[in-house]
Number of protein chains: 2
Amino acid sequence: MDKIKILVTDDHPMVLEGMQTMLSQIGFVVITGLARNAYEAMELIKANLPHIVITDISMPEISGIAFAAKIKNEYPGVKIIAMSTFNERSYISQMVQNGASGYILKSAAKEEIEEAILTVYEGKLYMSVELELNKKEQQEINKIPILTSREKEVLALIAEGFTNPQIAAKLFVSPYTVDSHRKNLLTKFEVNNTAGLIKLAAKYGLV
Amino acid sequence: MDKIKILVTDDHPMVLEGMQTMLSQIGFVVITGLARNAYEAMELIKANLPHIVITDISMPEISGIAFAAKIKNEYPGVKIIAMSTFNERSYISQMVQNGASGYILKSAAKEEIEEAILTVYEGKLYMSVELELNKKEQQEINKIPILTSREKEVLALIAEGFTNPQIAAKLFVSPYTVDSHRKNLLTKFEVNNTAGLIKLAAKYGLV
DNA sequence: GAAAAAATCACCTGAAAAAGGGATTGATCA
DNA sequence: TGATCAATCCCTTTTTCAGGTGATTTTTTC
């Protein structure tokens, strides 16, 4: 079979180096590019159209989250594997929201990266095993609701402390509409008031 | 002159790989070991006595901070360069307290690592230039309100999504009392509704 | 032992949110 | 082409919240 084309994006040269070394030891992949930021990466994607983009989550300028959205928008076929350090797993949900198919830690060993690439290449979802410290968290991730873009907007404004009328004015829609979105948010998050909503949203890194 | 002997400690294999590649490109250094944790590192220090130990700050089991103290205690002559990601710079002072002579970010390029090694080897202090943007951060930390224990209780229950009457029942007090606490919380956090309250509380790690 | 802070309780008002119902339009997709 | 979903809008009732004002009783602190 053809080799799986991979592009790696990370603002840390050290991580790029490490990734390059590791990936070069995997027979079935070929590195089509190493980028230090989303701009460079977009150029390289345009030039080479990789199968999979492995990207860091926290990068200056354009974050991995925004980057993922951009990729999915312009190249829906490209799979994305998010990469982060341990203490950033609150962003998992955001990455998944924005189209990531996999999530690995920077502490991942070669074998895990290999598995992640294969799994994602087959169209499945790969979540780092080191993430499942317990079953509860795993279950929780599956519980993270998928929000529409409008719902995300409304959620963000609610979190900022705006009331329905204020939000309605900002979005140029009727307060009734905002109320609908709000109700849908409560339903999706399975909570019964704003406090629970914001707490969960904060937990999942959505606000 | 003799080459500068360096040992690198990091729990992320990728970072070790990257460091190895980078350091091997610097003429005047030689890697005497790569360790994934403080235990391994102590063994390697014993065996080879490096001039400089470059260590990650956040590691499981023994943190970089404790590790630095250990090194300085047993091998006072060994210089230490702390390494971290961007969002950990609050630990700088602790590392310096514990004997680190240098601080670099994992995003450092080869040239900076080179400079850091030379500077530290000469007995001087090296601080990554990229660190200085924390006046706002400092201010924000000072803004975190001091809550009474009762307020913390109430805040936690609000965050759980309970209403004032429910909280009152749980705490065996009047709903009026809960309401008072709630209002004090809003005042202390300088917000005007629950959404803002929970968002801030989540940000500060209080819920 | 006095002063300050924390915790408690009370009442009122008006605004907002929650919970319930339903309806229309347009886009997307199988 | 029929189904689904997102986004929009509408209505009512009940409950909760936010803002204000004021007071008493513990507990802590100086």
Side-chain angles (χ1 to χ4, degrees), chain A residues 69 72-77 93-94 96-99 123 143-202 206-207, chain B residues 142-202 204 206-207:
Chain A
K72 277 290 160 183
N73 185 38
E74 297 183 32
Y75 307 93
S93 53
Q94 281 185 78
V96 174
Q97 287 274 340
N98 286 354
K143 271 191 186 171
I144 301 174
I146 306 294
L147 305 182
T148 67
S149 58
R150 200 53 157 176
E151 282 166 350
K152 281 181 206 166
E153 276 185 283
V154 173
L155 175 58
L157 291 168
I158 293 172
E160 292 297 321
F162 294 109
T163 65
N164 285 348
Q166 288 172 328
I167 296 170
K170 275 179 191 291
L171 299 181
F172 301 106
V173 295
S174 155
Y176 292 119
T177 306
V178 178
D179 192 50
S180 282
H181 290 309
R182 192 176 197 127
K183 278 189 274 194
N184 289 333
L185 284 167
L186 291 180
T187 307
K188 283 193 178 179
F189 279 88
E190 293 177 24
V191 294
N192 45 27
N193 57 32
T194 305
L197 175 67
I198 300 300
K199 192 199 164 195
L200 271 188
L206 301 176
V207 295
Chain B
N142 289 331
K143 269 192 185 173
I144 301 175
I146 308 293
L147 305 182
T148 69
S149 59
R150 201 55 157 176
E151 283 167 349
K152 281 180 202 163
E153 275 185 284
V154 173
L155 175 57
L157 291 168
I158 293 172
E160 293 296 321
F162 294 108
T163 64
N164 285 348
Q166 288 172 327
I167 295 170
K170 276 179 190 291
L171 299 181
F172 303 106
V173 294
S174 155
Y176 293 119
T177 306
V178 177
D179 195 47
S180 283
H181 289 310
R182 187 177 202 125
K183 284 171 192 169
N184 288 334
L185 284 167
L186 291 182
T187 307
K188 283 194 180 180
F189 279 88
E190 293 176 25
V191 293
N192 44 28
N193 59 33
T194 305
L197 174 68
I198 301 300
K199 192 197 165 196
L200 269 188
Y204 297 151
L206 300 175
V207 295

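Numbers restart at 1 for each chain; the letters A, B, ... are given by sequence-line order, proteins then strands.
Atom CG in B/Leu186 sits 7.0 Å away from atom CZ in B/Arg182 (nearest 0.5 Å).
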Step-by-step side chain to side chain contact (heavy atoms under 4.5 Å, CB included) determination, B/Ile167 to B/Glu160: CA-CA 10 Å; B/Ile167 295 170; B/Glu160 293 296 321; over 6 Å; no
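The minimum heavy-atom distance between B/Val173 and B/Val178, with the atom names listed, is CG2-CG2, 3.9 Å. Shown here for A/Thr194 and B/Ala195, the closest heavy-atom pair between the two residues is CG2-CB, 3.6 Å. Between A/Leu171 and A/Arg150, the shortest heavy-atom distance links the atoms O-NH2, 3.5 Å. The nearest pair of heavy atoms linking B/Ala202 to A/Ala202 is CB-CB, 3.5 Å. B/Lys199 approaches A/Ile198 most closely through the heavy-atom pair N-CG2, 3.7 Å. Across all non-hydrogen atoms, the minimal contact from B/Leu200 to B/Phe189 is CD1-O, 3.5 Å.
Between the NZ atom of B/Lys170 and the C1' atom of C/dT8 there is a distance of 20 Å, given to the nearest Å. If you measure from atom CD of A/Gln166 to atom C1' of C/dA16, you get 11 Å, rounded to the nearest angstrom. Rounded to whole angstrom, the span from the CG atom of A/Asn184 across to the P atom of D/dT8 amounts to 11 Å. A/Ile167 has its CD1 atom 12 Å from the P atom of C/dA16, to the nearest Å. When the C1' atom of D/dA18 is taken as reference, atom CD of B/Glu190 falls 17 Å away, rounded to whole Å. Taking atom CZ of A/Phe162 as the reference point, atom C1' of D/dA18 lies 17 Å away to the nearest angstrom. Atom P of nucleotide D/dA7 and atom CD of A/Glu151 are separated by 6 Å, given to the nearest angstrom. Note: CG (B/Leu155) to P (D/dC17) measures 14 Å, nearest angstrom.
Each of B/Leu171 and A/Asn164 has a nearest nucleotide on DNA chain C; the 5'-most of these lies closest to B/Leu171.
For the pair A/Asn193 (side chain) and B/Gly161 (backbone), a donor-acceptor distance under 3.5 Å is present.
Residue A/His181 places at least one side-chain N or O closer than 4.0 Å to OP1 or OP2 of D/dT8. At D/dC17, none of the side-chain N or O atoms of A/Thr194 fall inside 4.0 Å of OP1 or OP2 (strictly under the cut-off). Contact check, A/Tyr176 against D/dC11: a side-chain N or O comes under 4.0 Å of OP1 or OP2.
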Mind listing the N/O atom pairs, protein and nucleotides 3-5 of chain C, below 3.5 Å?
none

Report each atom pair, protein N/O against N/O of nucleotides 19-22 of chain D, whose distance is under 3.5 angstrom.
from   : atom 1 : to       : atom 2 : distance (Å)
D/dG19 : N7     : B/Lys183 : NZ     : 2.9
D/dG19 : O6     : B/Lys183 : NZ     : 2.8
D/dG20 : O6     : B/Lys183 : NZ     : 2.6

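Using a 4.0 Å heavy-atom distance criterion, A/Thr177 is classed as a base contact. The residue B/Ser174 sits close only to the backbone: its heavy atoms come under 4.0 Å of sugar-phosphate atoms, none of a base.
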